[in-house]
Amino acid sequence: MSIEPVIELEIPARAEYVGLVRLVVSSLASGRRALAEERIDDLKLAVSEACTNAIEAHHDVDADERVLVRCAEADDRLVVSIRDKGPGFDPDSLPEHPPVTDPDRLNFERGLGIPLIRTLVDEVSFDSSSAGTSVRLVMFCEPVSFDDEIDLTLDDLAEPDLG
Amino acid sequence: MSIEPVIELEIPARAEYVGLVRLVVSSLASGRRALAEERIDDLKLAVSEACTNAIEAHHDVDADERVLVRCAEADDRLVVSIRDKGPGFDPDSLPEHPPVTDPDRLNFERGLGIPLIRTLVDEVSFDSSSAGTSVRLVMFCEPVSFDDEIDLTLDDLAEPDLG
Amino acid sequence: MELGLDVEEQDGTTVLAVRGEVDVYTAPRLREKLVELVSQGKYKIVVNLEGVDFLDSTGLGVLVGGLKRLRSHDGDLTLVCTQPRILKVFEITGLTKVFAIHDTVEAAVAG
Amino acid sequence: MELGLDVEEQDGTTVLAVRGEVDVYTAPRLREKLVELVSQGKYKIVVNLEGVDFLDSTGLGVLVGGLKRLRSHDGDLTLVCTQPRILKVFEITGLTKVFAIHDTVEAAVAG
Ligand SMILES: Nc1ncnc2c1ncn2[C@@H]1O[C@H](COP(=O)(O)OP(=O)(O)O)[C@@H](O)[C@H]1O
Ligand SMILES: Nc1ncnc2c1ncn2[C@@H]1O[C@H](COP(=O)(O)OP(=O)(O)O)[C@@H](O)[C@H]1O
C-alpha cells in the first residue's frame, strides 16, 4: 500500500470556510469508486466537525491563525488530517452528557462533535498539545471493510470449518 | 482596500486535480454577490487553463512536483495565483496561430490557453524564470468594472460637458 | 453559503422550513430565527429539515436549545425529516429519543 | 470526474453526445473516442456539447484535431451547442469560424 501525494488546503480559522473544506473532501472522496455515498457523507461530517473544533480553538487565540487540512489518498484508504494552533485539549477526558432520557439533557447544546467523529470514521487519532491539535481521520475504501469485521458473530469466530 | 486572508490549495502536478482547483475557485467566487455567474465561469476557466499549464510544465521536470494555488479575497477583487516549479517560459514571445480562415489553422491544437486567460480575467501577470512560473489573475468584483471602461466610445472621451 | 429559512403558519403551528447547509457558519441564523419566533409567542414550532443538505453538531445544538426554550414555555419543537443521512446524525447522537421526528409536515402539525 | 460519451447513428451521421467536464484530464478520452470512430469509417460526426458543463482549451484542441482528421477523409465534424458559456469559448478563440455550430442535433444531422 503506497500513500499517494497529498492535497493540502489551508484556510483562515473562520467559520465561513468550513463549507469549502467539506467540498474539497467530498470531491476527493467521490473520486473513489470503492467508497459508498453514505460513507462519503460520514467522512464529510467528521471532517466538518474536526474543522469546526479547529476554528473554534483559535477564537481564544488569534483570529489570524490558520487551519491546515491534508488529504492523502492510498489504494485502500483516505486519510484526512486537520491541524490547528489552538491551545490543545485532552480528548480522553471530555465531560459526558446526561443520558438522552434525562430532561437535564436539554441543557447541553454542545459536546456532540467528537462522539460523532468517533462513530463516523474507521479510525481517529488526536495529537494535542499546548502548541496545537492535529486530528487524523481514516476511512477505508475497500469493499471488505471494518464493518464486515464488526458484523462477525461469535459463530463466525468459532473454529474454522476444515471440511 | 484590505486584502483578506488567503486560501491555499496545494495539489500534486497531475491532470486529475485540476477539477478540484476549479471547484475551490468557483465556490469562493460564488460567495461574492458582486460577481455575476458569467464572470465566475470566466475566472474558473482562466484558473483551469493556468493550472493545466502549471501541471504540464512539470511533465518534463518531476512528476512529484506540486502546484500551489492561492486565492486572496479583497473587498473589490478576487486574486488567484498559480505557482509551479517548471522550467519557465516567456509569455511575450509565444508563437501566433495562422488566422482562423486559413486551412492551416487546423494544424494547431494547442496554444489557446494563454490567449483565453488574457481575455477572460481583468488583469493577468506572469512571473516566470527557470525556477518556475507564477501566474496572477485578478477579477474585480465591483458592479462598475473594467468592462464599462472599455465600452467607452471616443465620444465619451471628448471634453467633459460642463453644462 | 446560503441558509434558507421560510416561516409559515399551519393550524396554529409555526412551520419553519430550513434549506441548505446547517453548520458552524449558518447555525447562528437558525438560532436567531428560533429565538425570534419564541419572542413572538410562537410556542408550537415544527422545523422542516427536508430541504437540508447537511447538518452538523452545531445544528443539533441549536435544535436542542430551541426545544429547551419552547419546553420552558410549555411549547414544543418537533421535526420533519425522512432523509437517511440527516436522520443518521440524530440516531448516532441518541437525539431521536429527544425529538419527535415526523415523516411529513402534516403529521408534525397534527402532532 | 466522469466524462460521458454516447454514440448514436442518425441518418448516416454519427452523433457523439458528450457529458461532463472536458479538460486536460478527460480530453484524452474524447480524443480516443474520435480516433476510434474515424478508424471505424465514421466520417460524418456531430459532437453534441449540450451536456457539457465545462470545456477548456484542451477540449477545443481535441475538436480541432478531430475536424482535421475528418477533413482528410473528406468528412466533417460539426457541433451542437447553445449554452452561452460554452459558445463563449469558441467565440473568444475565433473557432466559431472553423466549426459549424448548430442549435439542435436534427439541424446538425441535416447538415
Ligand atoms: N482542536 C481542538 N482544540 C482545542 N480544543 C478542542 C479541539 N477539539 C475539541 N476540543 C475541546 O473538546 C470539546 C468537545 O468538542 P466537541 O465534542 O466537538 O463538542 P463542541 O465542539 O460542540 O464543544 C470542545 O468544547 C473543546 O473544548
Ligand atoms: N506555467 C508554465 N510553465 C512553462 N511553460 C508554460 C507555462 N504556461 C505556458 N507555458 C508555455 O506556453 C505555451 C502556450 O501555452 P497555452 O497558450 O496555454 O497553450 P498550450 O498549453 O495549449 O500549449 C505552452 O505550450 C508552454 O510552452
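Residue numbering restarts at 1 for every chain, and letters A, B, ... go by the order of the sequence lines.
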To the nearest 0.5 Å, what is the distance between [atom1] on [X] and [atom2] on [Y]?
X      : Y      : atom1 : atom2 : value
D:F90  : B:L112 : CZ    : CG    : 10.5 Å
B:L106 : D:S72  : CG    : OG    : 10.5 Å
B:L45  : D:S57  : CG    : OG    : 7.5 Å

Problem - Which atom of D:D56 lies closest to which atom of B:S48, heavy atoms considered - result: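 Minimum heavy-atom contact is OD2-OG, 4.5 Å.
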Any side-chain heavy atom of [X] within less than 4.5 Å of one from [Y]?
X      : Y      : result
D:V89  : B:L116 : yes
B:K44  : D:F54  : yes
B:E109 : D:R31  : yes

Problem - B:E96 atom CD: more than 12 heavy-atom contacts under 6.0 Å - result: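 Count not over threshold, so no.
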Problem - D:Q83 atom CD: more than 12 heavy-atom contacts under 6.0 Å - result: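 Yes - once you tally the heavy atoms of other residues, nucleotides and ligands closer than 6.0 Å, there are more than 12.
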Handout entry: side chain to side chain contact (heavy atoms under 4.5 Å, CB included) partner of D:V24, chosen from B:E56, B:E16, B:E49, B:R14
Key =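 That would be B:E56.
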Practice task
Using non-hydrogen atoms and a 4.5 Å limit, figure out which bit of B:L120 sits close to chain D: side chain, backbone, both or neither.
Solution key: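 For B:L120, the contact with chain D is made by the side chain alone.
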Handout entry: Side-chain donor or acceptor of B:E38 paired with backbone N/O of D:R85 under 3.5 Å
Key =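 Judged by distance alone, no pair lies under 3.5 Å.
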Problem - salt_bridge(D:K88, B:D41) N-O dist < 4.0 Å - result: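 No, D:K88 and B:D41 are not salt-bridged.
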Exercise for the section: Take D:K97 and B:R105 through the side-chain contact (heavy atoms from CB on, under 4.5 Å) test and state the conclusion after the steps. Expected result: CA-CA 11 Å; D:K97 298 208 181 72; B:R105 173 66 187 81; over 6 Å; no
Problem - Residue D:L55 versus chain B: region with a heavy atom under 4.5 Å - result: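 Contact with chain B: backbone only.
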